[in-house]
Structures are given as structure tokens and as C-alpha cells.
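Only one structure is covered here, and it is reproduced in the block below.
Because the structure is a prediction, the values reported are computed rather than measured. The figures here come from the full heavy-atom set of this structure, side chains too, leaving out hydrogens, waters and symmetry mates. Per chain, numbering begins at 1; letters A, B, ... match sequence-line order.
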Amino acid sequence: MTVRVRFAPSPTGYLHIGGARTALFNWLFARNQKGVFILRIEDTDEARSTEESTAQILRSMEWLGMNWEEGPFLQSDHKAKHQQYASQLVEMGQAYYCYCSPEELETRRKEMMAKKLPPKYNGQCRSLSAEQRKIFEQEGRKPVIRFRMPDSGVTKINDLVKGPIQFDNSLLDDFVILKSSGVPVYNFAVVCDDHDMNITHVIRGDDHISNTPRQIMLYKAFGWELPEFAHIPMILGPDGARLSKRHGAAALDEYIQQGYLPEAIMNYLVLLGWATEDSQQIFSLTEMIEKFSLDRCAKNAAIFDPEKLKWLNGEYIRHKLRPEELVQLGIKFLAAKKLIDESTDLEYISQVISLERERIRTIGELPELVDFFFKEKIELADDKARKTLAKPNVKEILAKVETELSHTPDFSVAGLEQVIRQLCETNSYKTGEVFHPVRVAVSGRTTGPGLFEMLAVLGRERVVARIKQTVENI
RNA sequence: GGCGCCAUCGUCUAAUUGGUUAGGACGCUGCCCUCUCAAGGCAGAGCUUACGGGUUCGAGUCCCGUUGGCGCCA
């Protein structure tokens with residue numbers, strides 16, 4: 001039998017780190033099993049669902065490279081089907097109309113709470129006669145449909161990640177499956193859709209464990225075959241609370257904007273709650289798919305660590321990305337910061353970006369590091385830079401370097417290194433005495449790429465002009 | 001409040017399914033390289049496996065309890 005799994009987000013906001021991880025595990029399982037991955041948008045909550053969110057989620061899925069065979073389906077399109085299923089359960093005697101008003105339910109709940117009893121529905125409308133229903137209808141009451149839960153017995157789940165779990169049926173009440181507005185309730189819509197789509201494995205966050213017994217009872221009431229369940233642990237923020245907006249960047253979009261790579265994010269996400277026996281850290285997508293299995297998933301929640309994500313992203317930039325790919329991505333970020341435009345020399349841009357390959361961990365770090373390559377006037381970045389220029393002899397040293405570089409024939413990395421080292425020797429300067437001020441003079445800062453690489457890329461014209469300018473300002 | 005899930009270095013995790021000194025990765029510290037910052041290389045600190053019992057020749061691993069965190073239902 002073909003494996004069929006689905007990712008079913010609610011379109012109430014951007015795709016979340018947690019959601020992306022759930023999607024990833026479903027996707028990996030489908031790919032590993034040569035199964036089908038389905039996307040379903042759970043937009044039953046009409047008040048909070050938006051089309052923008054749906055579009056945003058789809059875009060994020062595509063950006064990450066998680067493709068789907070079927071969908072995206074909208075749960076709201078199946079409303080009529082859900083209503084039909086609800087009536088079917090009523091006909092079968094597995095569900096019934098309930099006319100209790102929200103106020104009545106609230107009063108009763110409070111009474112139960114006061115007596116320290118669990119606040120569950122008392123089954124008042126379980127067996128209404130036709131006449132009683134007629135009276136309620138005439139009063140203008142709109143009924144909900146409630147599912148008739150068994151009063152005894154246990155419901156067992158054999159969870160693929162968590163192992164066996166048991167629930168006592170008597171603790172569950174007759175829950176609403178269809179609201180008076182005709183809108184199906186989450187637990188009901190999920191079961192109907194999962195059945196209709198022939199889902200074989202329900203892989204979702206473990207915050208849904210408690211919903212599972214209700215859903216299983218629905219499958220049984222219909223006489224439908226049960227899917228397998230796999231509840232994967234949640235992702236938490238640094239404070240141990242469920243990851244949310246409060247924790248800063250929890251939306252995938254923010255990582256896209258900061259210049260993270262999709263492969264690096266996928267790699268980081270798979271490491272949250274899954275590992276191979278040899279604790280391998282870096283996986284290509286193919287490797288991930290090959291090696292993934294649900295029985296190696298962790299059971300405990302994981303805290304999201306932005307530092308490790310950053311490290312992995314750096315690894316991907318340095319070792320997985322081709323130099324031209326980095327240049328392509330870098331150009332977008334530099335253009336967004338208005339450091340370059342169409343008129344900027346492409347070869348120059350490309351050389352500048354390549355210089356920083358070893359230093360950046362996200363592409364977003366690039367503009368700040370290389371802005372001096374593109375600015376006409378450079379300014380001193382900090383006190384350290386000012387101090388470097390304030391040292392004795394700096395004016396004289398820089399003047400000599402300027403004279404030398406203005407006419408030296410070979411402006412290559414090797415040529416520059418030779419010329420400048422020679423200058424140090426001739427005047428018996430320590431190398432640092434010369435290198436540091438030159439660096440500050442051309443870049444305005446004390447850190448950056450190798451000095452000669454930097455000079456070679458900048459070119460004679462810029463280098464000489466900048467040093468001259470600095471000498472004049474001292 | 002009821003029910004459920006979970007518990008190994010600060011963080012993510014591994015441990016031949018009960019058998020060496022509890023391994024790796026991020027982060028941290030130091031050293032090497034070096035014109036700086038990175039990168040890279042090497043080394044180090046860090047877990048009495050939440051706590052307490054039990055089973056066993058032997059427990060991170062199995063059982064019971066406690067505590068704590070998280071989740072679901074109101």
C-alpha cells in the first residue's frame with residue numbers, strides 16, 4: 001500500500017519554524033517511503049484564516065523545496081461533505097442534535113466546577129423525542145450536533161514515535177462536531193478529510209495527542225480504517241515555552257530575509273528531534289531522505305538554538321554553495337541596501353563577495369562587511385580604527401606606501417605583498433606598523449579580508465586615492 | 001482542576017536494546033596558523049544520565065514513586 005501523508009497548517013499567519021519542522025518530517029517520510037505528500041489548508045476558522053497566509057505558506061514550502069503531489073486543498077471546500085458526514089452519524093445513532101444554549105452550558109459548567117467535578121457535558125439532549133425537538137425549534141433554538149462518546153472502556157494508540165498511550169473514555173464528553181452555524185469543528189473536519197484523502201500516516205505535533213482519542217472514536221463510529229499516528233515533539237523557545245512570536249524570529253520568512261539558505265534550514269530542522277546513530281550533523285537532502293525514519297525520532301521537546309542554525313548556514317555557504325551561487329544571492333542583498341545598482345561592474349561585485357565567503361554565516365551579514373568597497377567616501381568605523389591612525393609615523397608610512405603603490409607595475413595579490421614587504425624592510429618598519437594603517441586607510445576598519453586580497457580587488461585607483469585622502473586628514 | 005506527554009553536558013543529541021572511562025555537534029576557553037577578523041587545525045572545561053526507591057552479578061537503558069517542564073480540555 002502506498003504511504004500517504006499530509007501537512008495541514010492553519011492559514012492564520014506565516015509558516016512557523018515548528019510548522020516547517022512538522023512539514024519536513026511528513027515530507028521526508030513520504031519521500032523515504034516513496035509515498036505521496038499532500039498539502040491541505042485547514043481554514044475552517046473563518047475569522048482568523050486569510051488568503052495572504054495561505055499564499056505565504058505555499059511560498060515558504062516552495063522556497064524550502066518541499067514539493068507536494070496533491071493539493072493544496074482547502075478544508076473549507078469540503079464543508080458540505082462534512083455536514084453530510086455529520087448527518088450520517090446522526091442517522092446511525094452515533095451523534096445527536098443538542099439544543100442547549102451557550103448560557104445554559106456555562107451555568108452548568110460552573111455548577112460542576114463548584115462541586116469539584118470535571119466540567120463535562122451532561123448528555124442532556126442525548127435522547128430527545130421528536131416533540132421535544134419541535135418545541136426547541138419553535139423557540140428558535142439552533143442545534144449543534146454532538147458525538148455520542150462511549151461511557152466506558154479505554155482507547156489505545158500505538159504511536160509510532162511515543163509508543164503505546166491509553167485514554168479512559170469515561171473522561172471524554174459528547175463533543176460538538178458541527179456548530180449551530182453549520183461549521184464543522186476541528187477534530188471532526190480532520191478525521192473526515194484524512195479519511196477522504198486516504199491518509200495512511202498522521203504525523204503531527206504532540207500537542208495533538210489529547211485530540212487523538214476523540215478522533216479515533218469518530219473513525220470507529222464510521223467504521224473507517226484507522227491511520228497510523230506519529231506525534232513528534234514540539235519546538236520550544238530558549239525559555240522553554242512553546243516557540244512563538246515573542247521569541248523573535250519564529251517565522252520562516254524572517255530567516256529568508258536574513259539570508260539563510262533553504263538547505264541549511266532543512267538540515268537544522270531535521271536535527272531537532274531526529275539523529276542517526278553516528279550523530280551525523282550535515283546531510284544533503286538525498287541523504288536525509290535515505291536515512292530518515294520515524295523510529296529514530298526523539299520523544300522530548302527541543303529548544304530552538306539560533307546559534308547552531310547560524311553555524312550550519314555558514315557551513316553551507318562555505319562548502320555547499322558554488323561561488324557563483326553565492327554571488328547571485330549576495331547581489332540581491334547588496335542591491336537591497338543600495339550599495340550597488342545595474343551600473344556597478346559585475347566582475348568587481350563578484351570579487352568583493354568572494355572575499356567574504358569565509359567570514360559570513362548569513363548572506364545578510366554581507367552588506368555591512370563590504371560597504372566600503374562601494375562607497376566613495378570611507379569613514380572610520382570605530383575608536384580602534386582612529387587609534388590605529390593616531391600612532392606615530394603613520395602619516396609618513398602611509399605617504400610612502402601611497403608613492404610606492406601609485407607606480408608599482410604589478411597590482412596583483414602576490415605583487416602587492418612583495419612590494420609592501422620590501423617597503424617595510426627598506427625602512428625597517430615592522431610589518432604590523434604598515435599593514436594596519438593601510439587597512440584602516442582603505443577600508444575604515446580594523447578587521448576584514450586579507451590586506452593584499454583587499455587591495456588587489458579595490459584596484460590602484462581607489463587604493464591610492466583613499467590613502468592620499470587619509471594622509472591629508474592626519 | 002482533570003487527563004496526557006516528556007526528562008542524558010548551557011543547547012541539539014548518541015549509546016551495539018541490560019555490559020569499557022557516557023560519544024559527537026553548537027556554544028565557551030586556550031594554543032597553533034596569521035597583517036586584522038574569520039576560516040582551518042589541535043587541546044580543554046562541561047553530564048554523580050532530574051530526585052528517591054526497586055529488579056539484577058551488572059541500570060542512562062526495565063519497574064514504582066516524587067519533583068519539574070510542556071501540552072490538551074475547559
Side-chain angles (χ1 to χ4, degrees), chain A residues 105-106 108-110 112-121 154-155 157 159 161-173 175 186-187 205-214 231-243 267-282 295-315 317-319 355-361 365 369 381 384-385 388 416-417 420-421 424 429-440 443 445-455:
Chain A
L105 290 170
E106 186 53 32
R108 262 183 263 152
R109 183 182 304 132
K110 279 182 182 151
M112 301 283 281
M113 298 273 271
K115 290 181 195 164
K116 302 214 167 174
L117 293 167
K120 83 182 235 201
Y121 179 68
V154 289
T155 300
I157 311 172
D159 195 276
V161 171
K162 306 268 185 180
I165 309 170
Q166 285 199 5
F167 293 88
D168 201 335
N169 291 339
S170 64
L171 265 12
L172 300 171
D173 60 358
F175 62 100
Y186 169 78
N187 276 320
D206 67 10
D207 49 337
H208 287 288
I209 289 182
S210 313
N211 286 323
T212 312
R214 276 177 255 273
H231 288 98
I232 58 180
M234 310 247 76
I235 298 180
L236 312 177
D239 57 353
R242 177 209 209 110
L243 194 63
N267 195 148
Y268 178 69
L269 254 23
V270 82
L271 255 21
L272 281 186
W274 179 83
T276 52
E277 195 177 333
D278 59 358
S279 292
Q280 183 177 340
Q281 299 293 312
I282 297 183
D295 52 35
R296 289 198 65 88
C297 286
K299 294 180 182 180
N300 51 312
I303 293 174
F304 180 75
D305 179 11
E307 275 303 313
K308 185 157 182 181
L309 205 211
K310 220 177 222 184
W311 166 76
L312 254 173
N313 204 62
E315 288 292 308
I317 289 175
R318 261 172 273 124
H319 305 302
L355 275 185
E356 290 294 342
R357 186 181 173 86
E358 300 293 306
R359 252 162 297 272
I360 54 171
R361 294 193 296 172
E365 291 170 359
L369 289 174
K384 263 185 109 177
T388 304
L416 285 162
E417 176 152 16
I420 294 179
R421 283 193 189 278
C424 291
Y429 294 137
K430 282 187 229 150
T431 53
E433 246 181 315
V434 176
F435 293 178
H436 296 306
V438 173
R439 168 184 299 285
V440 173
S443 73
R445 52 191 81 190
T446 54
T447 65
L451 180 63
F452 309 109
E453 285 80 0
M454 189 162 71
L455 296 177

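- Across all strands, A:L312 comes closer than 4.0 Å to no nucleic acid atom at all (heavy-atom distances).
- Judged by atom type and distance alone, A:R242 does not reach the base of B:C70 through any side-chain donor-acceptor pair under 3.5 Å.
- Using a 4.0 Å heavy-atom distance criterion, A:E307 is classed as a sugar-phosphate-only contact.
- Nucleotides B:C42 and B:G27, compared at atom P, are 15 Å apart to the nearest Å.
- Nucleotide B:A43 forms a pair with B:U29, judged by Watson-Crick or G-U wobble geometry with both contacts under 3.5 Å.
- The phosphate of B:C12 has neither OP1 nor OP2 within less than 4.0 Å of any side-chain N or O from A:N300.
- Nucleotides B:U11 and B:G46, compared at atom C1', are 12 Å apart to the nearest Å.
- Within 90° of 0 lies the glycosidic angle of B:U17, which makes this nucleotide syn.
- Within the nucleic acid shown, A:R318 comes within 4.0 Å of sugar-phosphate atoms alone, with no base atom in reach, counting heavy atoms only.
- Across all strands, A:P233 comes closer than 4.0 Å to no nucleic acid atom at all (heavy-atom distances).
- Comparing B:C12, B:G4, B:G27 against the side chain of A:L272 picks out B:C12 as the nearest.
- Taking atom C1' on both nucleotides, B:C12 is separated from B:A7 by 15 Å, rounded to a whole Å.
- Remark: B:U48 base-pairs with no nucleotide in the shown strands. Criterion, Watson-Crick or G-U wobble with two distances under 3.5 Å.
- The gap from the C1' atom of B:C26 to that of B:G65 amounts to 36 Å, rounded to the nearest Å.
- Looking at heavy-atom distances under 4.0 Å, A:G448 makes contact with a base.
- Searching all strands for a Watson-Crick or G-U wobble partner of B:G60 with both distances below 3.5 Å returns nothing.
- As the counterpart of B:U36, no nucleotide is assigned, since no Watson-Crick or G-U wobble pattern has both distances under 3.5 Å.
- No contact: A:Q280 has no heavy atom under 4.0 Å from any strand.
- Under the Watson-Crick or G-U wobble criterion, with both distances below 3.5 Å, B:A14 is left unpaired in every strand shown.
- Under the 3.5 Å distance criterion, the side-chain polar atoms of A:D206 are left unmatched by any main-chain donor or acceptor of A:H231.
- OP1 or OP2 of B:C35 lies within a sub-4.0 Å distance of a side-chain N or O belonging to A:R421.
- Going from the P atom of B:G19 to that of B:G58 covers 14 Å, rounded to whole Å.
- When rounded to the nearest whole Å, the span between CD1 of A:I232 and P of B:C70 equals 20 Å.
- In this entry B:U55 has no Watson-Crick or G-U wobble partner, no candidate having both defining distances under 3.5 Å.
- Looking at heavy-atom distances under 4.0 Å, A:L451 makes contact with a base.
- Straight-line distance between the C1' atoms of B:A14 and B:A74: roughly 41 Å, to the nearest whole Å.
- Side-chain contact check for A:R214 versus A:F167: every heavy-atom pair is 4.5 Å or farther apart.
- Comparing the C1' positions of B:C6 and B:C51 gives an interatomic distance of 16 Å, to the nearest angstrom.
- When the C1' atom is compared between B:G2 and B:G10, the two are found 35 Å apart, to the nearest whole Å.
- Not a single donor-acceptor pair under 3.5 Å links the side chain of A:R439 to the backbone N or O of A:G450.
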Exercise for the section: Using a 4.0 Å heavy-atom cut-off, write out nucleotides 16-21 of chain B from 5' to 3' as B (base contacted by protein), S (sugar-phosphate only) or - (no contact). Expected result: ------

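- Aromatic rings of A:Y429 and A:F435 (six-membered ring for Trp) have centroids beyond the 6.0 Å cut-off, not under it.
- Base contact: A:G450 has a heavy atom under 4.0 Å from a base atom.
- Residue A:R296 has no polar side-chain atom (N or O) positioned under 4.0 Å from OP1 or OP2 of B:U13.
- Across all strands shown, B:G69 is found opposite B:C5 as a Watson-Crick or G-U wobble partner, with both distances under 3.5 Å.
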